[in-house]
Student: 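Next up is a structure, given as structure tokens.
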Amino acid sequence: MERNPMRRQLASLRKSLFDQGYLDEQFMELEQLQDDANPNFVEEVVTLYYRDSARLILNLDHALERRPLDFSKLDGLMHQFKGSSSSIGAKKVKAESTLFREYCKSGNAEGCMRTFQQLKKEYATLRKKLETYFQLARQIGPMESANRPK
């Protein structure tokens, strides 16, 4: 009985991530790949995303410090970051990545700087929200197959 309220809380938290625009359907695709043989698949993929993307953010930070800005290099780095973000369904992060790339293409340094700051905020916010989500999911334990979307 004790787990039922926790499951409702987890479902509500998950729903809010979609309703608030943090996640898109790609996250649901990842969830469908999770099964009894790999019950932590989504969390593992997200953990790898944050580990690998931290390097890209650092590279972007360094590239944004250089003058003159190399918009081609910035665009290439952001292309990688956007692809990684898309793969986990990070909707707001992906949107900021798209905007950043548009600023790169138009040579708008101020737009790149402003958008990158917003991107880092969205990235950090999503990370905290997903950490909370996965922590609660671990407390509950694996979902029964009947509750898992097919």
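Note that the structure is predicted; figures quoted are calculated from it, not measured.
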Student: Would a hydrophobic clustering, with Ile, Leu, Val, Met, Phe, Trp and Tyr connected at side-chain separations under 4.5 Å, put V93 with L48?
Tutor: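 Each belongs to a different hydrophobic cluster.
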
Student: Taking all non-hydrogen atoms of both residues, which atom of L60 and which atom of L74 are closest, and how far apart?
Tutor: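 That would be CD2-O, 3.9 Å.
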
Student: Say you draw a straight line from CE of M78 to CG of L99; how long is it, rounded to the nearest 0.5 Å?
Tutor: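 The CE atom of M78 sits 9.5 Å away from the CG atom of L99.
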
Student: What verdict does the side chain to side chain contact (heavy atoms under 4.5 Å, CB included) test give for L119 and F81, after you've listed the backbone C-alpha separation in whole Å, the side-chain angles of each residue and the deciding distance to 0.1 Å?
Tutor: CA-CA 11 Å; L119 180 146; F81 183 81; 3.6 Å; yes

Student: Using the rule given for side chain to side chain contact (heavy atoms under 4.5 Å, CB included), can you reason through Q20 versus K91, listing the C-alpha separation, both sets of side-chain angles and the distance that settles it, and then say yes or no?
Tutor: CA-CA 10 Å; Q20 295 171 16; K91 187 176 182 178; over 6 Å; no

Student: Counting only N and O atoms by type, is there a donor-acceptor contact under 3.5 Å from the side chain of T125 to the main-chain atoms of E122?
Tutor: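 Side chain of T125 to backbone of E122: no pair is present.
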
Student: Does a side-chain heavy-atom distance below 4.5 Å link K94 with Q26?
Tutor: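 Contact flag for K94/Q26 side chains = no.
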
Student: In the structure I gave you, are the side-chain heavy atoms of Q9 and Q139 within less than 4.5 Å of one another anywhere?
Tutor: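 The answer is no, as the side chains (C-beta and beyond) never meet within the 4.5 Å cut-off.
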
Student: Go through the steps for K92 and L126 under the test side chain to side chain contact (heavy atoms under 4.5 Å, CB included), then give the verdict.
Tutor: CA-CA 9 Å; K92 287 186 178 185; L126 178 61; over 6 Å; no

Student: Pair Y22, L130 - check side chain to side chain contact (heavy atoms under 4.5 Å, CB included), show working.
Tutor: CA-CA 10 Å; Y22 286 104; L130 285 173; over 6 Å; no

Student: Strictly distance-based, threshold 3.5 Å: is any side-chain N or O of Q34 a donor or acceptor partner for the main-chain N or O of F41?
Tutor: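 Side chain of Q34 to backbone of F41: a pair is present.
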
Student: When rounded to the nearest 0.5 angstrom, what distance separates CG in L10 from NZ in K15?
Tutor: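 Output value for this atom pair is 14.0 Å.
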
Student: Near K105 NZ, under 6.0 Å, is it more than 12 heavy atoms from other residues, nucleotides or ligands?
Tutor: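 Counting other residues, nucleotides and ligands, NZ of K105 exceeds 12 neighbours.
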
Student: F18 and D24: which non-hydrogen atoms are nearest, and at how many Å?
Tutor: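 Closest heavy-atom pair between F18 and D24: CE2-O, 3.2 Å.
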
Student: Which word best sums up how the rings of F27 and Y133 line up, parallel for under 30°, tilted for 30 to 60°, or perpendicular for over 60°?
Tutor: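 The rings of F27 and Y133 stand perpendicular, inter-plane angle above 60°.
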
Student: Does S12 reach the main-chain N or O of R8 with its side chain, forming a donor-acceptor pair under 3.5 Å?
Tutor: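 No; judged by distance alone, with no hydrogens or angles, the pair does not exist.
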
Student: Quick one: CD on Q135 to CD on E131, what's the gap to the nearest 0.5 Å?
Tutor: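 Q135 CD to E131 CD: 8.5 Å, rounded to 0.5 Å.
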
Student: Using modelled atom types only, decide if a donor and an acceptor are shared between the side chain of Y50 and the backbone of Y123 within a distance under 3.5 Å.
Tutor: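 Here the side-chain-to-backbone pair exists.
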
Student: In terms of hydrophobic clustering (I, L, V, M, F, W, Y; side-chain heavy atoms under 4.5 Å; direct or indirect links), are L33 and L23 co-clustered?
Tutor: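 In one cluster with L33: L23, yes.
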
Student: Quick one: CG on N108 to CZ on R114, what's the gap to the nearest 0.5 Å?
Tutor: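 One gets 6.5 Å once the value is rounded to the nearest 0.5 Å.
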
Student: Under 3.5 Å, is there a donor-acceptor pair between the side chain of E96 and the main chain of Q118?
Tutor: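 Checked: no pair found.
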
Student: Return the CG to NZ distance between D75 and K82, rounded to the nearest 0.5 Å.
Tutor: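 One gets 9.5 Å once the value is rounded to the nearest 0.5 Å.
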
Student: Would a hydrophobic clustering, with Ile, Leu, Val, Met, Phe, Trp and Tyr connected at side-chain separations under 4.5 Å, put L77 with M113?
Tutor: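 Yes, same cluster.
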
Student: Closer than 3.5 angstrom, by distance alone: can the side chain of S16 be matched with the main-chain N or O of L13 as a donor-acceptor pair?
Tutor: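 Confirmed, S16 side chain pairs with L13 backbone.
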
Student: Are Y103 and F71 close enough that their ring centers fall under 6.0 Å?
Tutor: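 So the answer is no for these two rings.
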
Student: Which heavy atom of K120 sits nearest a heavy atom of I57, and at what distance?
Tutor: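 For K120 and I57, the tightest heavy-atom pair comes out as CD-CG2, 4.0 Å.
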
Student: Return the CG to CE distance between L136 and M6, rounded to the nearest 0.5 Å.
Tutor: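 Going from CG on L136 over to CE on M6, the span is 5.0 Å.
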
Student: Write down the atom of D61, the atom of F116, and the distance for their closest heavy-atom approach.
Tutor: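 Result for this residue pair: OD1-CE2, 3.2 Å.
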
Student: Should we count CZ of R66 as having more than 12 external heavy atoms under 6.0 Å?
Tutor: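 Incorrect, the count does not exceed 12.
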
